[in-house]
Amino acid sequence: MDKNTVRELVKERINQFSLIEKNTESLEVSAQLIKLLSKRDFKTLVTYEAFDDEIDISEVTLWCREHWKNIYTIPQNNDPVEIPAESIIIVPGRAFTKDGIRVGRWSGYYDKLLNQHKNTFSVGVCFQCQVFPILPEESWDQRIDAVVFSGNILE
């Protein structure tokens, strides 16, 4: 299966979700992500503005504020950003494997960002329907360090 086929399949799967299903999975992922973050030493959480078909991690940003962590949100326009030291990057995507392969939307933005910050811990977040046993991987694709989806943390 090529990347565009994967993207279309995931789009169809997510479009079948109700708002309640999206919110339920988002809350489950957020709870797991908070557990993961609470075990790591970091100063800044680098996060994203969620599209309607992505995991909403607003609960995670609230937790970070309560624990005096800085929050940097990458704008949806994908302008280049500089990541502060001692950060964790939360990475959305269209599809993931358990070992960190990621298929993005199409622009390569996060691959470039992760390539520039190879020593920064990265976590992919997704709905359970976005996890695949195998995915196509190109030479420029950057793997992530952990994947969190509906009650599971995979490192």
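Throughout, numbering of the chain's residues begins at 1 and tracks the sequence. No experiment lies behind these values; they were computed from the predicted model shown.
- In terms of heavy-atom proximity, E59 sits nearest to S30 at CB-CB, 4.0 Å.
- Linking Ile, Leu, Val, Met, Phe, Trp and Tyr whenever their side-chain heavy atoms come within less than 4.5 Å puts V91 and I34 in one cluster.
- No more than 12 heavy-atom neighbours from other residues, nucleotides or ligands sit within 6.0 angstrom of CG on D52.
- Across A95 and V6, no two heavy atoms sit closer than the pair CB-CG1, 3.5 Å.
- Taking 4.5 Å as the limit, every side-chain heavy atom of V147 sits out of range of all side-chain heavy atoms of K98.
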Query raised in the report: Where do I144 and Y110 land on the side-chain contact (heavy atoms from CB on, under 4.5 Å) test, with the steps shown first?
Result: CA-CA 10 Å; I144 52 174; Y110 280 94; over 6 Å; no
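- Judged by distance alone, the side chain of E25 and the main-chain N or O of Q128 form a donor-acceptor pair under 3.5 Å.
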Requested in this report: Mind running side-chain contact (heavy atoms from CB on, under 4.5 Å) on I88 and L37 for me, showing each step along the way?
Outcome: CA-CA 9 Å; I88 293 178; L37 294 174; 3.6 Å; yes
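- Without hydrogens or angle criteria, R7 side chain to G104 main chain gives a donor-acceptor distance under 3.5 Å.
- The only member of K22, R94, K11 that meets salt bridge (Lys or Arg N to Asp or Glu O under 4.0 Å) when paired with D53 is R94.
- Neither L62 nor F42 shares a network with the other; the hydrophobic side chains, linked directly or stepwise wherever heavy atoms of I, L, V, M, F, W or Y lie under 4.5 Å apart, form separate groups for each.
- Scanning both residues, R13 and F17, for their nearest heavy atoms gives O-CD1, 3.5 Å.
- Judged by distance alone, the side chains of S150 and E28 do bring a donor and an acceptor atom under 3.5 Å apart.
- No continuous path of hydrophobic side-chain contacts links I71 to V46 [ILVMFWY only; heavy atoms under 4.5 Å].
- A salt bridge does not link R102 with D141: none of the charged nitrogens is closer than 4.0 Å to a carboxylate oxygen.
- The one candidate from R143, K3, Q142 that meets the side-chain hydrogen bond (donor to acceptor under 3.5 Å, both in side chains) condition with E137 is R143.
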Identify every side-chain donor-acceptor pair in residues 119-127 under 3.5 Å, counting partners at least two apart or on other chains, and give the distances.
from, atom 1, to, atom 2, distance (Å)
S122, OG, D145, N, 3.2
S122, OG, D145, OD2, 3.3

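- When all heavy atoms of F132 and L9 are compared, the pair lying nearest together is CE2-CD2, 3.8 Å.
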